[in-house]
Amino acid sequence: MANYFEKLKLLSTKAYAPYSKFHVSAICLLKDGTEVSGVNIENAAYSVTICAERTCLAQVYTLGYQKADIVKLFLYTDSNQKGSPCGTCRQFLWELIAHDVPLEIYNQKGESYVVTIGDLLPYGFTKEDLQ
Ligand code: THU
């Protein structure tokens, strides 16, 4: 199996994070073996920043893939603590990946844990709630 920690660490150097200096990377593994990458992209208007999870998932859909194509999402945060997707990303993931897809989350020490968006966002807001 590919060493996703090393891949993520290398990918995180591509993050555009001049303000927080906090580098985050994501790799989405698809059924056909394709790996789609994303990093956090910041902005001088801070709230415009896009997290790595969202740049990655947006690229998956841009390439024509959909929810059913997603096998796993790997995530790396430049922290010695346990990384965790922000609230905005949880809502984004909730709609765009299956709720039981494993999210394998690494920190800078190479420690990881696996969780799902179903675990991270119980009772998430969906399109059914718009009715
Ligand atoms: N960040 C992510 O890319 N993903 C997360 O789930 C948490 C936060 C980014 C956003 C910002 O560029 C930096 O980390 C600090 O918050």
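This one's a predicted model, so the numbers in the text were calculated from it and none came from an experiment. Indexing begins at 1, ligand by ligand and atom by atom, following the structure's order.
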Taking it one step at a time, do Ser79 and Gln81 satisfy side-chain hydrogen bond (donor to acceptor under 3.5 Å, both in side chains)? CA-CA 5 Å; Ser79 168; Gln81 308 292 312; 5.6 Å; no

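In this structure, atom 16 (O) of ligand 1 is not in close contact with the protein, since no protein heavy atom lies within 4.0 Å of it.
In this structure a side-chain-to-backbone donor-acceptor pair under 3.5 Å is present from Lys21 to Pro18.
Close approach of ligand 1 to Cys51 (heavy-atom distance below 4.0 Å) involves ligand atoms 1 (N), 2 (C), 3 (O), 4 (N), 5 (C), 8 (C), 10 (C). Of all atoms in ligand 1, numbered sequentially from 1 with element shown, those under 4.0 Å from a heavy atom of Val24 are 1 (N), 2 (C), 3 (O), 4 (N), 9 (C), 14 (O). Taking every heavy atom of Pro85 and a limit of under 4.0 angstrom, the matching atoms of ligand 1 come to 6 (O). Listed by number with element, the atoms of ligand 1 under 4.0 Å from a non-hydrogen atom of Thr49 are 10 (C), 11 (C), 12 (O). Remark: ligand 1 atoms within the under-4.0 Å shell around heavy atoms of Glu42 are 11 (C), 12 (O), 13 (C).
The shortest N or O to N or O distance between Asn40 and ligand 1 is under 3.5 Å. Residue Ala52 places at least one N or O, backbone or side chain, under 3.5 Å from an N or O of ligand 1. The shortest N or O to N or O distance between Cys86 and ligand 1 is under 3.5 Å.
Under 4.0 angstrom from ligand 1, the non-hydrogen atoms of Ser20 all belong to its side chain.
Under the 30°/60° scheme for interplanar angles, the aromatic rings of His99 and Trp94 are found to lie parallel.
The single protein non-hydrogen atom nearest to atom 4 (N) of ligand 1 is Glu53 OE1, 2.9 Å, given as residue, atom name and distance. The protein non-hydrogen atom at the shortest distance from atom 14 (O) of ligand 1 is Phe22 CD2, 3.3 Å.
Here the rule is side-chain contact (heavy atoms from CB on, under 4.5 Å) with Leu93, and of Leu73, Thr88, Ile70 only Leu73 fits it. Considering Glu35, Lys72, Lys9 as possible partners of Tyr4, the one that fulfils the side chain to side chain donor-acceptor pair (under 3.5 Å) test is Glu35. The side-chain contact (heavy atoms from CB on, under 4.5 Å) test with Glu104 singles out one residue from Leu29, Leu75, Val114, and that residue is Val114.
Interatomic distance, Asp69 CG to Tyr61 OH, rounded to the nearest 0.5 Å: 8.5 Å.
Phe74 does not carry Lys7 over the face of its six-membered ring by the limits of under 6.0 Å from the centre and within 45° of the normal.
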